[in-house]
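Here is the structure we will look at, set down as structure tokens.
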There are 2 protein chains.
Amino acid sequence: MPKQSSTRKGQFATSARMRDVAKRAGVSTMTVSRALNEPSKVSEEMRERVLSAVKEIGYLPNHLASSLSSNRSTTIGLIVPSIDNSIYTQTVKGLSDVIRQSGFQLMIAESGYDPNEEEELITAFLTHRVSGLVLHSAEHTPQAVAKIAKSGVPVVENGNIPEKPIDMVVSYSNWDAAYTMTMHLGRLGYKHIAFASLYSVHNDRSRDRLKGYRAALEQLGLDYDPRLVIETSRGLSSGAEVVARVVHSVPEVDALFCAGDVLAVGALFECQKRGWAVPGRIAIASFDDVELLRHLSPSVTTLRLPRYDIGERSARMLLSRIMDGAEHFRGSIVDLKFEVIQRESA
Amino acid sequence: MPKQSSTRKGQFATSARMRDVAKRAGVSTMTVSRALNEPSKVSEEMRERVLSAVKEIGYLPNHLASSLSSNRSTTIGLIVPSIDNSIYTQTVKGLSDVIRQSGFQLMIAESGYDPNEEEELITAFLTHRVSGLVLHSAEHTPQAVAKIAKSGVPVVENGNIPEKPIDMVVSYSNWDAAYTMTMHLGRLGYKHIAFASLYSVHNDRSRDRLKGYRAALEQLGLDYDPRLVIETSRGLSSGAEVVARVVHSVPEVDALFCAGDVLAVGALFECQKRGWAVPGRIAIASFDDVELLRHLSPSVTTLRLPRYDIGERSARMLLSRIMDGAEHFRGSIVDLKFEVIQRESA
DNA sequence: TTGTAGGCGTTATCAC
DNA sequence: GTGATAACGCCTACAA
């Protein structure tokens, strides 16, 4: 004789199970499962009986159980360097839009630009059996890479185009973007182009932007002057400091390329405070086309990066790997390019 | 004779299981489980044996299985109206910081200001057996509320202080904030105070801000003029439009309270474009103390809201309900207050 | 089209 | 302190 109910103690109100639905509908649990997940494999009458039983009981499927049993989950893990950085939110939105449509859920965590923390998060996501990973950073611990490989979970890196990708990549090239903007400034006639970015420690995006800047200088036949390169932290004040420092050490500076929108705005404000013409005394260029830059006066020349598209494509590729087993995406590198937005500030 | 390996087909490489660790360490799975989760209940020798076996094999626990078996999960669901709104990111950061420390993971989704979508997301989270929910909106479908109640999952609402809370609340009062700022403007001597906010359809925060504004007007003995109230969409351009519309319909307007930082910035830019003194021709006040407002010229008077703290406290209360079963938090309302930041623009 | 049997990987429970 | 056993709720595989 079957037990009427479990004697195990649980902290939650015991919710209705599939077997309760089955009993109520007078069918087996398999029919319930099929009616819910593969409706076409069930006769219409059964389907209706099951669905009304589901409603009457208020049954909510248990995804933990179904994932465990079917060995497939519907969660995707996303790791960003910093959650309160508006730059990523567009990408997150792109991911979220696509993922939700397919009934997947996003687990999000922040690494704080620390590869060891990233590794811990990857491990945590793997224990949660995410079916895919999205990593913004391209810098990982060897252990993290090894764990991912061992798990077999598909991965998209989407903050940069790494030299040695783990698996798939959907991004623009930070090197290329910085190179292009620097070339653009050079062609506009600027001769002493300063470069400001966030600290490049554990930040491959910053490093690649610096490299692109240097490559462009070389191409332009301009000397590289380390006094013109400044790394700093996020914030409008940092942008202001950059102007102060660079003008102090190299008075003949005539352009400032800020590899970060917040820095650029801070720099512009500082110039305005000093009563400098932008451009004129100094030109300013930014990175990322946030709405604000278009509305400032002078409007700020910048790079438009495909932030939303990166999220969207990342999600699509990941999902086709996960759902359709589309192996041809394995190792794909998608370079989504960017655009120079010429405005008044340079 | 035990099977050597499963014959089931799965899409993933079969990862090591607890039983593999157990075999390697020459113990039972229960000892492995204890060594991992309740180390104090296992002898030191066993612990070491198990842990080294774990390392050698590269074992990653399966959270799905453990959650299913123990009937407790380590995920928390968060629903925000819009993922690409920088206002929430601070709260998300506060939540994330606390939650991560306790080994929990955050599932995040966006409702797009749609209660029906919110209900679907709540349902989805419930099927994933989240152990807690954080909702930014205070407006829910009755079905959503019923499902939550039935599930027994603890909930925090944190975008507003609702009249009829579902369970716990950690927020500031939108009514109070708008009331306070309007009173502030009134005391500064402004007589024709306009009010701009985001559309209030399915946005209880906007609605309460409007009510607070009206209550303050009454308190100040100022007439309510519907032409001075404008609802619009997000964006700097919307802020500019607000200025145009309100000045056109009520030329004697002398202050504009924008219940949204982006609107305020857009409004200020428009005034500058028109060459108006701020304040003087018109004063501007904002909502939320984003860094930019302090750096603009004139710097913008605004409200400092405890965005990060809201996330932090929400997480703490949720976790103590979940982990310690601290029932005294059930139904708690925490009003975290706010601060008027007086600057130059008003 | 539907049902039966058994297992997914872990933990609660109880015996030793 | 450790282990054997039976769930947890669902789905794969196979049978009817």
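If you're wondering where the values come from, they're calculated on a predicted model, not measured in any experiment. Hydrogens, waters and symmetry mates play no part in the numbers below; they use all other heavy atoms, side chains included. Below, read A as the first sequence line, B as the second, and so on, with proteins coming before strands; counting in each chain starts at 1.
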Residue pair B:Ser96 / A:Glu110, side-chain donor-acceptor N/O under 3.5 Å | no
Closest to side chain of B:Met30, choosing from D:dG1, C:dG9, C:dT13 = C:dT13
Length of the line joining B:Leu64:CG and C:dG7:P, which is rounded to integer Å | 20 Å
Rounded interatomic separation in angstrom, taking CZ from B:Arg129 and C1' from C:dT10 = 17 Å
Rounded off to whole Å, could you give me the CG-to-C1' distance for the B:Leu68 and D:dA7 pair?
-> 9 Å
Report yes if at least one side-chain N or O of A:Ser33 is closer than 4.0 Å to OP1 or OP2 of D:dC11; otherwise report no.
-> yes
Interatomic distance, A:Lys23 NZ vs C:dG3 C1' [rounded to whole Å] | 17 Å
Between D:dT12 (P) and A:Leu36 (CG): distance, integer Å | 13 Å
So which nucleotide from D:dG9, C:dG9, D:dA4 ends up closest to the side chain of A:Arg19?
-> D:dG9
Could one point to a donor on the side chain of A:Ser69 or the base of C:dG7 with an acceptor on the other under 3.5 Å away?
-> yes
Rounded to whole angstroms, how far apart are CG on A:Asn37 and P on D:dG9?
-> 17 Å
With a 3.5 Å cut-off and no angle check, do the side chains of A:Glu157 and A:His140 form a donor-acceptor pair?
-> yes
Would one find a side-chain N or O of A:Ser43 under 4.0 angstrom from OP1 or OP2 of C:dT2?
-> yes
Which is true for A:Ser67 with a 4.0 Å heavy-atom rule: it touches a base, it touches only sugar-phosphate, or it touches nothing?
-> nothing
Validation row: A:Ile76, A:Val130 side chains within 4.5 angstrom (heavy atoms) = no
Whole angstrom is fine here: how far is it from CG in B:Asp20 over to P in C:dC8?
-> 11 Å
Answer yes or no: is there an ion pair linking A:Asp20 with A:Arg24, defined by an N-O contact shorter than 4.0 Å?
-> no
Starting from C1' on D:dC11, measure out to NZ on A:Lys41 and report it in whole angstrom.
-> 12 Å
When rounded to the nearest 0.5 angstrom, what is the spacing between NE2 in B:His128 and OG1 in A:Thr75?
-> 6.5 Å
B:Arg34 or A:Ser66, whichever maps to the more 5' nucleotide of DNA chain D | B:Arg34
Think B:Thr31 has a side-chain N or O under 4.0 angstrom from the OP1 or OP2 of D:dT2?
-> no
Among C:dG9, D:dG3, C:dT11, the one nearest any side-chain atom of B:Asn62 is C:dG9
Using only side-chain N and O atoms of B:Asn71, determine if any of them is under 4.0 Å from OP1 or OP2 of C:dA12.
-> no
